[in-house]
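Written below as structure tokens is the structure these notes are about.
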2 protein chains.
Amino acid sequence: MARRVDHSPDELKVMILDAAEDLVMAGGVSELSARKIAQKIGYAPGTIYNVYTNIDELILILNGKTLERLYDHLSMVRLDGEADIGSANENLEKLLIGYLAFIDENRSLWRLLFDHVPSSEDDLPEWYNQRVLKLLSVIDQVLLPLLSGRGAEERRDVSATLWASLHGIISLADKKKLDVVISRSSHDVCSLLITTFLNGLKDHADFTGKIQ
Amino acid sequence: MARRVDHSPDELKVMILDAAEDLVMAGGVSELSARKIAQKIGYAPGTIYNVYTNIDELILILNGKTLERLYDHLSMVRLDGEADIGSANENLEKLLIGYLAFIDENRSLWRLLFDHVPSSEDDLPEWYNQRVLKLLSVIDQVLLPLLSGRGAEERRDVSATLWASLHGIISLADKKKLDVVISRSSHDVCSLLITTFLNGLKDHADFTGKIQ
DNA sequence: ATAGAATAGTGAACACCGTTCAAAATTCAA
DNA sequence: TTGAATTTTGAACGGTGTTCACTATTCTAT
């Protein structure tokens with residue numbers, strides 16, 4: 001057949017993406033399949049492959065969208081402008097609350113974002129990496145006042161360390177792999193980590209091993 | 001057919017488990033399938049379901065085995081007995097090195113251990129939880145001298161927090177989701193976290209919000 | 001020794017999955 | 001109006017987990 005005039009390729013691409021998003025939101029990651037998307041938009045499965053090279057590419061773009069939505073969500077958080085540890089702690093706590101709220105409202109998309117490992121081992125595309133960096137810049141800004149003496153790269157390493165640590169707690173808790181081992185909510189555990197981490201950043205050996 | 005006399009049910013269970021382990025080690029998590037296991041041990045696929053209720057149960061038991069092997073690996077690490085932060089740091093660094101070495105030698109099994117989410121949402125069995133706790137006790141012991149003033153439960157929470165944080169770093173790095181964001185090896189990042197965390201544990205508000 | 005119950009193992013079948021691609025349907029250009 | 005170009009199809013391929021009627025074998029009891 002040919003162009004059913006119904007939808008341009010670009011429209012189709014969006015329709016497929018939206019259908020995928022709906023499926024994941026409504027039924028979890030396991031509901032995402034080419035056939036179900038096709039059924040939802042009233043096309044044949046093969047049509048998806050005219051517009052996306054494969055399902056991994058579709059997921060990548062969907063994850064990019066989730067990343068963007070997460071950034072939008074977190075940049076709404078009102079941050080304190082003071083440069084002391086107390087303010088940084090409060091700010092990080094606010095970000096944490098925002099992040100946990102986002103996860104709560106977008107649990108399945110968030111799982112897809114972090115748990116999905118694409119079959120191919122190619123590097124992620126530049127536009128995707130940019131979004132990750134943009135997201136991390138939110139934490140970076142909060143830590144900036146405390147790390148003004150250090151270089152941009154080292155600062156980003158510190159932010160990323162904190163971020164990855166929080167992610168570890170939240171994702172293990174989500175997978176129910178912390179239940180045995182911990183008696184508190186992941187929120188409380190994250191708060192503890194933030195406080196301890198910030199406290200630990202004071203006057204100790206930095207990344208390069210020098211004392212500040 | 002009946003008992004081919006070849007193997008008792010218990011033998012069969014072990015054979016299947018070993019075949020599964022071999023498949024994962026040799027070709028990654030995606031190589032694990034009922035048909036491939038069956039082929040490897042010279043039985044029909046259905047036989048597996050006479051001995052395991054489903055593949056998730058098989059994976060759970062395999063993960064239990066990996067957990068046990070990881071514990072054995074880590075309990076070989078010689079730890080310093082001093083009670084100061086420096087010793088704790090050294091000890092954790094040694095454990096980290098041991099852990100990273102284990103991952104290096106058992107990457108696919110380790111991925112199966114942490115990434116696999118069973119379809120059913122039942123709680124994990126008690127014997128499995130015990131193994132997780134036993135593993136965590138290794139970190140617990142190292143932190144014990146620094147947290148002697150706190151209760152056992154709170155100490156375990158602190159250990160689990162550190163553990164989950166390290167896991168977050170290592171597993172994000174493994175999924176190549178830190179490459180953009182960080183310039184160092186996951187080993188270095190983990191070392192930074194350990195140092196900062198230990199430093200931060202000194203004289204700051206504890207889990208309950210009180211100052212020590 | 002033989003009949004029958006119990007057990008062990010089978011493998012085709014079911015309902016899925018991602019992906020491909022020759023063919024068909026439609027539109028556009030000449 | 002014809003023919004080229006394009007879009008869409010859906011059957012087909014090779015895979016997945018899981019089930020279950022059936023068969024083959026062994027054990028038990030007569």
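In the text below, chain A, chain B and the rest are named by the order of the sequence lines, each starting its count at 1. Note that the structure is a prediction, hence the values are computed from the model and not measured.
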How is [X] classified with respect to the nucleic acid when contacts are heavy atoms under 4.0 Å: base, sugar-phosphate, or nothing?
{"X": "Leu58(B)", "result": "nothing"}
{"X": "Asn54(B)", "result": "sugar-phosphate"}
{"X": "Leu32(B)", "result": "sugar-phosphate"}
{"X": "Ile37(A)", "result": "nothing"}

Which of the following nucleotides, [options], is nearest to the side chain of [X]?
{"X": "Tyr49(B)", "options": "dT18(D), dT19(C), dT10(C)", "value": "dT18(D)"}
{"X": "Ala34(B)", "options": "dT18(D), dT19(C), dT10(C)", "value": "dT18(D)"}
{"X": "Ile55(A)", "options": "dT19(C), dG9(C), dT8(D)", "value": "dT19(C)"}
{"X": "Ala44(B)", "options": "dT10(C), dT8(D), dG17(D)", "value": "dT10(C)"}

Below 4.0 angstrom, N of the basic side chain to O of the carboxylate: do Lys40(A) and Asp22(A) qualify?
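Judged by the 4.0 Å cut-off on N to carboxylate O distance, Lys40(A) and Asp22(A) do form a salt bridge.
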By nearest heavy atom, map Gly46(B) and Pro9(B) onto DNA chain C; which one lands nearer the 5' end?
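Mapping each residue to its closest nucleotide by heavy atoms, the 5'-most match is Pro9(B).
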Starting at the 5' end of DNA chain C, which residue's closest nucleotide do you reach first, Asn50(A) or Pro45(B)?
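Here Pro45(B) is the residue nearer the 5' end.
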Whole-Å distance between [N] [atom2] and [X] [atom1]?
{"X": "Gln39(A)", "N": "dC17(C)", "atom1": "CD", "atom2": "C1'", "answer": "15 Å"}
{"X": "Tyr43(B)", "N": "dT25(D)", "atom1": "OH", "atom2": "C1'", "answer": "13 Å"}
{"X": "Glu31(B)", "N": "dG15(D)", "atom1": "CD", "atom2": "C1'", "answer": "11 Å"}
{"X": "His7(A)", "N": "dT26(C)", "atom1": "NE2", "atom2": "P", "answer": "16 Å"}
{"X": "Ile48(A)", "N": "dG18(C)", "atom1": "CD1", "atom2": "P", "answer": "9 Å"}

Is atom NZ of Lys134(A) surrounded by more than 12 heavy atoms (other residues, nucleotides or ligands) closer than 6.0 Å?
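Buried by this count: over 12 neighbours within 6.0 Å.
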Surrounding CD of Gln39(A) (heavy atoms of other residues, nucleotides or ligands, distance under 6.0 Å), is the total greater than 12?
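No, CD of Gln39(A) has 12 or fewer neighbouring heavy atoms, counting only those of other groups under 6.0 Å.
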Does the plane of the ring in Phe114(B) sit parallel, tilted or perpendicular to the ring in His167(B)? Use 30° and 60° as the thresholds.
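Rings of Phe114(B) and His167(B): tilted, 30 to 60°.
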Parallel, tilted or perpendicular: which fits the ring planes of Tyr43(A) and His7(A), with parallel below 30° and perpendicular above 60°?
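The arrangement is tilted - the two ring planes meet at 30° to 60°.
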Is there a side-chain polar atom (N or O) of Lys36(A) under 4.0 Å from OP1 or OP2 of dC16(C)?
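False: Lys36(A) side-chain N/O out of range (4.0 Å or more) of dC16(C) OP1/OP2.
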Are OP1 or OP2 of dC16(C) and a side-chain N or O of Ser33(A) less than 4.0 angstrom apart?
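The answer is no; no side-chain N or O of Ser33(A) sits under 4.0 Å from OP1 or OP2.
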Regarding dG15(D), can its base be found pairing with the side chain of Arg35(B) as donor and acceptor, where the two atoms are less than 3.5 Å apart?
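In this structure, the two groups form no donor-acceptor pair.
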